[in-house]
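Data first, discussion second: the structure below is written as structure tokens.
Throughout, residue positions are numbered sequentially from 1 according to the sequence presented.
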Amino acid sequence: MAKVLKDISRTFNEFLLLPNLTDERCIPSNVSLKTPLVKFRKGEEPKYTANVPMVSAIMQSVSGEDMAIALAREGGVSFIYGAQSIEAEAEMVRHVKKHKAGFVVSDSNVKSGTPLKEVIELVEKTGHSTVIITDDGTANGMFLGLVTDKDYRISRDDMEAPIDDFMTSKEKIIFAEEGISLSEANDIIWENKKACLPILTKEGKLKYLVFRRDYEERKNNPNSLLDENKRYIVGAGINTRDYEERIPALIDAGVDLLCMDSSDGYSVWQKNTIDFVREKYGDSVKIGAGNVVDKEGFRYLAEAGADFIKVGVGGGSICITRETKGIGRGQASALIDVVEARDEYYEETGIYIPVCSDGGIVHDHHITIALALGADFVMMGRYFARFDESPTRLVTKGNGYVKEYWGEGSNRARNWQRYDMGGAKKLSFEEGVDSYIPYAGKLKDNLEITCAKIKSTMCNCGSITIPELHEKARLTLVSDVSISEGSAHDVILKEIDNQYK
């Protein structure tokens with residue numbers, strides 16, 4: 001007969017944290033939300049860590065290039081959605097990696113003699129106001145000069161005139177040689193009141209550009225998650241069908257992290273995908289797997305070589321997998337089981353595999369509950385889909401604004417690869433819905449409030465790091481009555497217009 005677990009399938013809403021002793025260390029400014037993103041050996045440091053324990057879901061309605069830039073700026077990671085062509089996803093990754101860097105490889109270049117109209121067309125295409133002129137029109141040609149949108153007047157200048165007539169030549173430009181540090185480059189920019197500093201090789205070929213605005217952005221966003229070249233960290237979703245073509249294209253575009261996007265990660269298809277990565281790239285490419293809901297699923301993917309493992313089946317706000325297929329597990333119960341397996345695996349092997357809790361988060365405090373139960377970071381869709389930076393439309397509804405939000409298992413997404421079980425290339429039935437969610441404004445403003453709540457709660461728990469929270473957290477189950485008691489009750493609330501808050 002079937003094996004039936006005696007434990008009830010529990011959600012985050014069924015738990016409350018108990019306060020521990022708040023000592024002198026426990027003030028929000030001392031709390032670190034830094035957390036590992038990929039596996040590492042005991043005594044070593046992970047290749048990637050996040051400065052906030054939140055990543056955005058691999059969803060068409062959540063994680064486009066704007067979300068990836070905004071979230072990396074705040075210390076988290078986005079996983080660009082994979083339910084699109086390989087070329088389109090790679091281009092999104094490439095755009096994020098080029099958006100900001102200490103040393104930028106120029107992608108707005110023309111050769112000497114190019115008509116002004118072609119330069120203007122390039123500016124409109126890239127959105128970059130500075131165009132570099134090299135002898136061959138490439139990013140690494142002999143540097144001749146540069147032109148900005150302040151050097152010509154579209155309404156008056158001859159569109160057929162060569163760009164040489166408008167550019168500032170190399171002889172009049174302050175530049176630096178390859179090998180200079182980013183700090184030294186920024187000093188030159190500030191001392192000479194320049195917006196851009198070309199970095200050249202000894203032979204005079206263009207190597208990089210350093211922009212004043214990048215320095216200001218880094219100063220204003222100290223939590224930004226950057227690679228060794230000061231570029232934003234970005235992830236990308238993949239499936240277990242076209243990975244042999246998709247993964248090389250994403251790596252070529254500069255992706256930092258890969259993650260399989262699947263409703264069921266406990267499958268041979270995921271092992272095959274990890275095998276491909278290890279055989280072709282070794283450990284240099286980091287890939288997450290999942291989703292799973294128990295020890296068996298975690299152990300399978302851990303032994304397959306996953307760099308992090310996602311937990312959760314059917315807990316998303318737009319997911320109807322449990323309703324449609326009768327499969328899944330309460331997110332809290334799934335997380336407790338998997339975290340125990342993670343800790344056992346660490347004791348046995350000395351390898352720590354981060355756990356990502358994916359789904360089941362309704363309120364901000366659920367994030368802290370997930371972390372307290374052992375998650376290293378959480379993946380969220382609805383939370384991020386509300387913001388300006390998500391790729392969906394802002395719609396007027398009633399007296400307020402909403403944003404469109406749909407599941408990857410919905411007919412609108414048609415992401416059959418996510419639900420692939422080796423069958424026909426189609427979505428046989430829906431496992432997600434098409435919906436609206438209340439609009440919430442900018443990511444930065446909301447994320448700051450959420451992080452403030454997490455830090456405050458961690459202080460109440462006597463913890464100033466996530467690993468310390470894992471060790472010290474105490475939780476209690478709650479009844480329906482105690483949940484009601486925890487909200488405003490037995491009062492008459494003043495009427496306020498908070499329909500979409």
**Asked** Are Asn13 and His363 linked by a side-chain donor-acceptor pair shorter than 3.5 Å?
**Response** no

**Message:** If you define the side chain from C-beta out and look only at heavy atoms, does anything of Leu475 sit under 4.5 Å from Ile369?
**Reply:** yes

**Request:** Go through the steps to decide whether Thr273 and Thr240 satisfy the test side-chain hydrogen bond (donor to acceptor under 3.5 Å, both in side chains), and finish with yes or no.
**Result:** CA-CA 6 Å; Thr273 305; Thr240 57; 5.1 Å; no

**Item:** Atom CD of Glu45 with >12 non-hydrogen neighbours under 6.0 angstrom
**Value:** no

**Message:** Under a 3.5 Å distance rule, please check whether Arg342 uses its side chain to pair with a backbone N or O of Gly374 as donor and acceptor.
**Reply:** yes

**Message:** Counting only heavy atoms from other residues, nucleotides and ligands, does the tally under 6.0 Å from CG of Asp480 exceed 12?
**Reply:** no

**Request:** Say whether, by atom type as modelled, one donor and one acceptor occur between the side chain of Thr49 and the main chain of Pro36 under 3.5 angstrom.
**Result:** no

**Phe276 six-ring face occupied by Arg278 cation (under 6.0 Å, within 45°)** = no

**Item:** SB check Glu448 Lys453 (cutoff 4.0 Å)
**Value:** no

**Prompt:** Is it true that Lys442 and Glu74 have a side-chain N and a carboxylate O under 4.0 angstrom from each other?
**Reply:** no

**Prompt:** For atom NZ of Lys472, is the number of surrounding heavy atoms from other residues, nucleotides or ligands below 6.0 Å larger than 12?
**Reply:** yes

**Request:** Please tell me if the side chains of Asp256 and Lys286 come closer than 4.5 Å, counting only heavy atoms from C-beta onward.
**Result:** no

**Message:** Under a 4.0 Å threshold between the charged nitrogen and the carboxylate oxygen, would Asp337 count as salt-bridged to Arg329?
**Reply:** yes

**Prompt:** Is the backbone of Gly462 close enough, under 3.5 Å, to the side chain of Thr22 for a donor and an acceptor to pair up by distance?
**Reply:** no

**Asked** With a 4.5 Å limit on heavy-atom distance, are the side chains of Val338 and Lys295 in contact?
**Response** no

**Prompt:** To the nearest 0.5 Å, how far apart are OG in Ser263 and CG in Asn291?
**Reply:** 8.0 Å

**Message:** Tell me whether Glu184 contacts the main-chain N or O of Ser181 through its side chain, where contact means a donor paired with an acceptor under 3.5 Å.
**Reply:** yes

**Prompt:** Which value, rounded to the nearest 0.5 Å, describes the distance between Thr349 atom OG1 and Glu344 atom CD?
**Reply:** 11.5 Å

**Prompt:** Where do Asp376 and His470 land on the side-chain hydrogen bond (donor to acceptor under 3.5 Å, both in side chains) test, with the steps shown first?
**Reply:** CA-CA 9 Å; Asp376 296 282; His470 288 171; 4.5 Å; no

**Message:** I'd like to check Phe12 versus Leu335 (side-chain heavy atoms, cut-off strictly below 4.5 Å). Are they in contact?
**Reply:** yes

**Verdict with reasoning, Arg299 to Glu296, per salt bridge (charged side-chain N to carboxylate O under 4.0 Å, His left out)** = CA-CA 5 Å; Arg299 175 67 69 156; Glu296 291 80 3; over 6 Å; no

**Item:** Salt-bridge present (Asp66, Arg73; N to O < 4.0 Å)
**Value:** no

**Request:** Spell out, as yes or no, whether a donor-acceptor pair under 3.5 Å connects the side chain of Ser456 to the backbone of Ala452.
**Result:** no

**Request:** Check Gln331 against Gly312 and note the closest heavy-atom contact, atom names and distance.
**Result:** OE1-CA, 3.2 Å

**Asked** Counting heavy atoms not belonging to Ile27, are there more than 12 under 6.0 Å from its CD1?
**Response** yes

**Request:** Taking the side chain as every heavy atom from C-beta outward, state whether Val285 and Ile251 have any atom pair closer than 4.5 Å.
**Result:** yes

**Prompt:** Would a line drawn from the ring center of Tyr405 to the ring center of Tyr436 be shorter than 6.0 Å?
**Reply:** no

**Prompt:** Any donor and acceptor pair, going by atom type alone, linking the side chain of Glu468 with main-chain N or O of Ile464 inside 3.5 Å?
**Reply:** yes

**Request:** Might you confirm whether atom CD1 of Ile8 has over 12 heavy atoms from other residues, nucleotides or ligands at distances under 6.0 Å?
**Result:** no

**Message:** Any side-chain to backbone donor/acceptor pair from Ser390 onto Ala385? Under 3.5 Å, distance only.
**Reply:** yes

**Item:** Check: Leu71 and Phe384 side chains under 4.5 Å, non-hydrogen atoms
**Value:** yes

**Request:** Examine the side chains of Ser63 and Ser56 and answer whether a donor and an acceptor come within less than 3.5 Å of each other.
**Result:** yes

**Fill in**
When rounded to the nearest 0.5 Å, the distance separating CG of Leu37 from SG of Cys259 is 11.0 Å

**Residue pair Ser106, Tyr208: steps toward the side-chain hydrogen bond (donor to acceptor under 3.5 Å, both in side chains) verdict** = CA-CA 7 Å; Ser106 176; Tyr208 302 112; over 6 Å; no

**Message:** Ignoring hydrogens, what is the shortest heavy-atom contact between Cys356 and Val55? Give both atom names and the distance.
**Reply:** SG-CG2, 4.4 Å

**Prompt:** Charged N to carboxylate O below 4.0 Å: is that the case for Glu44 and Arg41?
**Reply:** no

**Request:** Could you please spell out the steps behind the side chain to side chain contact (heavy atoms under 4.5 Å, CB included) verdict for Thr457 and His365?
**Result:** CA-CA 8 Å; Thr457 305; His365 77 269; 5.9 Å; no

**Between Tyr266 and Phe298, ring centroids under 6.0 Å** = no

**Asked** Is the shortest heavy-atom distance from the side chain of Lys97 to the side chain of Val255 under 4.5 Å?
**Response** no

**Message:** Using a 3.5 Å distance criterion without hydrogens, assess whether the side chain of Asp23 forms a donor-acceptor pair with backbone atoms of Arg25.
**Reply:** yes

**Item:** NZ/NE/NH1/NH2 to OD/OE distance under 4.0 Å, Lys403 and Asp388
**Value:** no

**Message:** Looking at Asp307 and Lys47, is any side-chain nitrogen of the basic one under 4.0 Å from a carboxylate oxygen of the acidic one?
**Reply:** no

**Message:** If we ignore hydrogens and angles and just use 3.5 Å, is the side chain of Asp227 paired with the main-chain N or O of Lys230 as donor and acceptor?
**Reply:** yes

**Asked** Is a side-chain donor or acceptor of Ser463 paired with a backbone partner of Thr465 at a separation under 3.5 angstrom?
**Response** no

**Message:** Restricting to non-hydrogen atoms, name the atom on Ala440 and the atom on Asn446 that form the minimum distance, rounded to 0.1 Å.
**Reply:** O-ND2, 2.9 Å

**Asked** Side chains of Phe308 and Lys39: does their closest heavy-atom pair fall under 4.5 Å?
**Response** no

**Request:** Go through Lys34 and Asn51 one step at a time and tell me if the side-chain hydrogen bond (donor to acceptor under 3.5 Å, both in side chains) criterion holds.
**Result:** CA-CA 4 Å; Lys34 189 173 182 178; Asn51 291 324; 5.3 Å; no

**Complete:** Smallest heavy-atom separation, Ser267 atom then Asp264 atom, equals OG-O, 4.1 Å

